[in-house]
Every structure is written in C-alpha cells, then in structure tokens.
Amino acid sequence: MSATAATMAAAAVSSPFFSSSSASPPSSRHSVLSFKDNARGITALNGFPRLRNPNALLLRHRRHGAQISCSSTASDPTAAAASGSNQQQQHKSRRPADENIREEACRRDVASGSHGFSACYVPFNAPADSTETYSLDDVVYRSRSGGLLDVQHNMAALKRYPGSYWRALFDSRVGRTTWPYGSGVWSKKEFVLPEIEPDHIVSLFEGNSNLFWAERLGRDHLGGMPDLWVKHCGISHTGSFKDLGMTVLVSQVNRLRRAPLNRPIAGVGCASTGDTSAALSAYCAAAGIPAIVFLPADRISLAQLVQPIANGATVLSIDTDFDGCMRLIREVTAELPIYLANSLNSLRLEGQKTAAIEILQQFDWEVPDWVIVPGGNLGNIYAFYKGFEMCRELELVDRVPRLVCAQAANANPLYLHYKSGWADFKPVVAADTFASAIQIGDPVSIGRAVFALKATDGIVEEATEEELMDAMSLADRTGMFACPHTGVALSALFKLRERGVIGTNDRTIVVSTAHGLKFTQSKVDYHSNEIADMACRYANPPVNVKANFGAVMDVLKKKLDVKIGL
C-alpha cells in the first residue's frame with residue numbers, strides 16, 4: 001500500500017464513527033472509504049461499484065476485517081492506530097455477561113474522546129446578529145422577548161463530515177440493539193442531543209415506524225397514484241408520534257436531575273389532549289420520574305385516559321379545553337419545580353424531526369414530493385421541516401419536500417390564517433371534533449408552522465367532520481386502521497388531488513400520528529350509523545342473521561354477488 005493510501009485507511013478507521021478493532025489498517029483496496037457523491041448522492045467506495053444501500057458498505061467493510069463501531073463520540077486516532085498495529089484481526093466479542101447494553105455504551109463512551117458536536121437554545125427565527133443563547137442544561141422555555149426558543153446545532157462541526165458519511169452511519173444503526181442506537185430517534189443522536197451521555201438516555205426503542213405503501217387507496221380512489229405512502233408514526237410504544245419527542249425531553253430531564261448537575265426538578269408536567277400525556281407518563285415511569293398531566297375533562301378517548309393512569313402519573317381531569325389546561329400548566333410550572341413538557345419546549349421537536357430523516361432513509365435518501373401532516377399545536381409540521389432542512393444543509397439530500405398542514409375545520413386557526421394571506425393571526429375557540437388530539441384553537445407553535453410552510457411553498461387544508469371520518473373509513477377499507485387525525489390528512493390529500501395540485505405520479509407521504517386502536521369509539525359510532533347529521537357512506541355494520549343455513553347463504557350470496565349452482 002502506498003503512503004497516501006495507508007494514511008487514508010488510517011483516517012477512515014479512526015474517524016469519529018467508523019473505528020477499527022482490526023490488527024492493522026486493512027491492506028486491501030476495499031478498506032479505503034471514499035465519500036464522493038455521484039449525481040444522486042450515493043455513497044461510493046474506492047475500487048467498488050457505487051452502492052445504492054449504505055448498509056452494503058458496512059457489510060463489505062466487515063468482511064475484510066474492519067469493525068465499524070457506532071460510537072456517539074470521536075475515537076482517538078493515536079489510540080486507534082496503536083490498537084490496529086498491536087491486536088490480531090477479530091470480530092467484536094460479545095459484552096461480558098454481567099454487563100447490560102447501557103453499561104456497555106457508557107464504557108464505550110468513556111474510551112472515546114471529544115467530538116466537538118454541541119447544541120444550545122436560541123430565540124426562534126432570531127436575526128443574524130442576535131447573541132442570545134442558553135445552554136440545554138438551563139430550564140428555560142422562552143426568549144428574553146417572550147418568544148419561542150429553538151435548538152441550534154453546531155453545524156460547522158457536523159459539516160466536517162460529508163452527507164454520504166452521515167447516511168452510511170445512520171443506515172448502519174437501523175435495527176440494532178446497541179444502546180441507544182436501536183431507537184429511531186437515538187440512531188441520529190448527533191443530530192438530536194449530541195452531548196448527552198448514554199447512561200442518561202431514557203429510550204423505549206421508539207421510532208423505526210412502518211412506511212405503508214397505500215397501493216389500493218391510490219389506485220382505486222385517488223386516480224391511480226402509484227407512489228402513495230402512509231408513515232405510521234402511531235406504531236410506537238404508546239401508540240403515537242409523541243414518543244419521538246418525549247424520549248429526548250425526558251432524557252434531558254434525567255440528565256438534569258442526576259449528578260453532577262443535581263437540579264431540583266420534582267417532576268415533569270404537561271397539558272394534553274391525550275397522546276402527549278400517554279408518552280410523558282410512559283417515559284417518566286421508565287426513568288422513575290414523577291409525571292403530572294392536565295387533561296380536559298370528557299374530551300379524550302378512554303384509551304388515551306387510561307394510559308397515564310396505568311403508568312402511575314398524577315392525572316388531573318379539568319373542566320376546560322386544552323387551551324385552558326395549557327394556561328394552567330404554565331402557571332403551575334412557574335411556581336413549582338415541575339419541568340414543562342409541552343411542545344412549547346423545543347427539545348421535543350428534536351426528537352420529532354427524526355421522523356423526517358427516517359422517511360428519507362426509507363426511500364434510500366431520495367426526497368419525496370409531498371408530506372402531509374395533521375396539525376393541532378403545530379410543533380410537528382415545523383419538526384418535519386427542521387429534519388428535512390437539516391439533511392439538506394448537511395448535504396444528505398439536495399432539497400426538501402413541499403409540506404401540507406391539515407386541520408380539522410372545527411379547530412382551524414392555521415387554515416384561516418393561511419386563507420387570509422398570512423394576515424394577523426387570530427386564535428379560535430376550538431369546537432368538538434373526532435380528531436380530538438388536534439382540537440386546539442390557540443396553538444403554541446403558530447410561528448414555527450408559518451415559517452415551515454413559507455420555506456417549503458407549503459399549503460394548509462381543512463377537513464369537515466364528515467370528510468375526515470369518510471376518509472379514515474375509506475382508508476380502513478384498503479387495509480389500514482387509521483385514526484381520525486390521519487383522516488384529516490387523507491381528506492386534505494383527496495382535495496389536493498381533485499384540484500390537480502398533487503400529481504398522479506408525485507411521491508406523497510401522509511403522516512399518521514396515532515394508532516387507530518386509541519380511537520375505536522369513533523369507529524364504532526361511524527359503523528353503527530349513530531353520528532348525527534352524517535351519512536357514514538362507508539359504514540359496515542355487522543349483519544344480524546338467524547342461526548340457519550338458508551339465512552346465512554342468502555346473506556353471503558348477496559354480499560359476494562355470486563350464483564351458487566348445483
């Protein structure tokens with residue numbers, strides 16, 4: 001091997017994320033990693049054909065004796081070189097029997113050096129000359145002017161590595177049990193909360209949710225859309241996308257409460273329309289941290305109510321709507337040492353943005369044309385934008401998709417703001433809606449949502465109660481089991497297709513934010529034709545049949561439209 005090639009090989013195996021435990025720097029041409037991108041941004045390997053799937057790079061590298069380690073911190077190049085020259089080639093051995101995966105991660109972290117990645121709070125959409133910043137270890141939710149905060153990463157440090165590098169790293173972690181990278185959120189740790197120690201992370205291996213090919217819905221009901229997909233974020237531990245943000249927030253609280261910081265945080269609290277309280281309660285239970293949730297009385301499903309109760313949270317059922325609960329929790333957290341967990345807290349958005357990165361991964365880093373997201377408190381639409389934009393800025397991809405925010409007509413302040421040409425925003429009093437998790441009239445993240453939509457040439461659409469329930473039920477008939485909030489997003493898709501805004505061949509993602517099993521009563525009411533002033537066009541009630549062969553055959557022949565011959 002030439003001196004230049006040897007230097008490149010040593011640099012490759014001693015980089016912050018691809019570290020080698022082999023006896024010496026591999027001598028074959030296959031060991032030198034090159035990160036030149038072709039026109040489509042595909043990772044290349046010197047001497048190898050271009051690889052469409054970065055996991056193939058990982059597997060080929062392993063076959064030639066080098067072990068790729070998914071460390072969250074940088075390895076010491078000197079130590080790596082010494083290790084490479086003194087040890088025999090060997091595969092990574094199993095951890096000691098008395099060591100769990102968290103302890104293994106801590107040992108791995110202690111053996112690593114500094115990586116230079118960091119993040120801090122800054123005022124949201126602050127002017128370029130702003131110097132106002134806060135440590136993530138500060139308990140702060142608003143800027144000095146009273147505006148929202150945002151988590152800002154040290155992009156210069158991240159840009160030391162090309163986009164192909166990050167693609168290969170993130171893909172190498174998918175489906176693993178290595179702590180904490182088995183999580184769809186923490187597999188992108190460097191883009192989320194880079195400085196937290198593995199021992200402080202509270203994860204239930206969230207994320208990695210299914211991307212459902214809605215083939216029949218697109219073909220039979222949307223004019224033949226062959227590239228329609230539904231991102232099932234509700235296939236998560238507590239049945240909603242809220243897990244993605246809560247693992248980050250509760251992990252940071254866990255860090256603040258433990259040595260050496262030892263902050264006097266007595267518990268974590270939130271106002272909720274159901275799903276946030278479920279996620280908060282589960283993660284706090286896993287960490288042993290008290291959880292306090294404020295719920296609007298008689299306005300959430302029984303399944304959502306029982307989750308925080310079962311997880312041991314202190315549940316306050318309050319005779320008001322979500323906006324009233326939000327006002328109360330902000331007053332309480334100002335007086336008591338309770339950490340606020342609502343999306344006012346920008347830490348949650350750092351976890352939620354990983355759903356966008358995950359979508360890119362699932363399409364082998366090809367960017368979709370449209371992403372449609374249900375909107376309530378509006379943090380999620382900004383989180384998707386932030387994930388896509390971060391990947392664009394770091395050159396994992398070359399563009400971002402257009403975003404659509406879908407609201408229930410009974411709780412549509414963003415839609416009204418959009419239709420007014422972004423004139424002065426006016427909150428509304430949200431009326432009852434089957435999409436109860438987005439029944440919010442005064443969303444905290446209105447500014448974030450407007451920013452994301454303007455930046456992506458986005459659209460806001462609304463759905464009436466009948467439209468959202470019909471869309472949900474029609475999707476169910478094609479193999480899904482959607483929640484009413486997904487029905488809102490699907491209804492927006494139907495309208496945009498009808499107007500020709502979304503094209504037949506546009507790759508389109510509808511984000512499903514919760515599991516349908518959390519909203520079964522709405523489905524029971526629909527299929528029982530018990531919803532006032534609603535036709536329930538796709539209702540499918542059970543058929544009462546007498547217990548005899550003839551009656552059963554009559555029903556089946558009619559249903560199947562077949563003739564039974566002798």
Side-chain angles (χ1 to χ4, degrees), residues 9 11-22 25-26 30-37 40-46 48-75 80 89-95 101 104-105 108-109 111-112 115 117 158 160-194 198 201 203 205-209 211 354-366 387 390-391 394-397:
V13 298
S14 65
S15 64
F17 311 104
F18 293 94
S19 58
S20 173
S21 59
S22 57
H30 307 307
S31 65
V32 182
L33 296 178
S34 171
F35 295 103
K36 294 180 180 178
D37 293 349
R40 298 185 64 193
I42 308 301
T43 300
L45 190 65
N46 275 358
F48 266 28
R50 294 191 185 276
L51 304 173
R52 179 172 176 79
N53 185 350
N55 282 335
L57 182 152
L58 173 74
L59 295 173
R60 287 180 188 257
H61 197 55
R62 280 181 172 165
R63 289 194 190 109
H64 292 274
Q67 176 62 36
I68 293 178
S69 167
C70 298
S71 173
S72 64
T73 52
S75 303
Q89 289 189 355
Q90 59 182 359
H91 291 291
K92 179 182 176 182
S93 60
R94 185 173 177 176
R95 67 178 183 276
I101 59 173
E104 179 188 37
R108 183 187 66 225
D109 240 36
S112 302
H115 49 58
F117 304 139
L158 294 170
R160 292 203 303 263
Y161 306 94
S164 51
Y165 195 93
W166 294 113
R167 292 195 301 264
L169 174 68
F170 294 161
D171 284 345
S172 75
R173 292 168 171 174
V174 173
R176 305 303 174 86
T177 57
T178 305
W179 183 265
Y181 303 123
S183 158
V185 172
W186 296 107
S187 65
K188 290 91 176 165
K189 179 178 183 291
E190 295 79 15
F191 285 18
V192 176
L193 212 60
I201 290 174
S203 173
F205 283 76
E206 52 287 313
N208 295 320
S209 58
L211 193 58
T354 62
I357 305 173
E358 199 169 284
I359 287 172
L360 296 174
Q361 277 187 289
Q362 289 171 309
F363 284 119
D364 209 0
W365 302 100
E366 294 177 351
M390 190 171 188
C391 287
L394 292 171
E395 299 184 346
L396 282 75
V397 295

> Rounded to the nearest 0.5 Å, how far apart are CG of Asp364 and CZ of Arg167?
Replying inline: 9.0 Å

> What's the spacing between Arg173 CZ and Thr178 OG1 if we round to 0.5 Å?
Replying inline: 9.5 Å

> Yes or no on side-chain contact (heavy atoms from CB on, under 4.5 Å) for Trp179 and Ser203, after CA distance, side-chain angles and deciding distance?
Replying inline: CA-CA 9 Å; Trp179 183 265; Ser203 173; 3.8 Å; yes

Where is the tightest heavy-atom contact between [X] and [Y], given as atom of each residue plus distance?
| X | Y | answer |
| --- | --- | --- |
| Pro180 | Ile201 | CG-CD1, 3.6 Å |
| Val397 | Leu360 | CG1-CD1, 4.0 Å |
| Phe205 | Ser183 | CD2-N, 3.8 Å |

> What residues, two or more places apart in sequence or in another chain, satisfy side chain to side chain donor-acceptor pair (under 3.5 Å) together with Gln361?
Replying inline: Asp171, Lys188

>> Are Phe191 and Thr354 packed together at the side-chain level, in the sense that at least one heavy-atom pair is separated by less than 4.5 angstrom?
In response: no

Spell out, as yes or no, whether a donor-acceptor pair under 3.5 Å connects the side chain of [X] to the backbone of [Y].
| X | Y | result |
| --- | --- | --- |
| Asn208 | Val174 | no |
| Glu206 | Val185 | no |
| Trp186 | Pro198 | no |

> When you look at Leu396 and Phe170, which way does the side-chain contact (heavy atoms from CB on, under 4.5 Å) test go after all the steps?
Replying inline: CA-CA 11 Å; Leu396 282 75; Phe170 294 161; 4.2 Å; yes

> Given the rule in the side-chain contact (heavy atoms from CB on, under 4.5 Å) test, do Trp166 and Ile357 qualify, once you have shown the distances and angles that lead to the verdict?
Replying inline: CA-CA 11 Å; Trp166 294 113; Ile357 305 173; over 6 Å; no

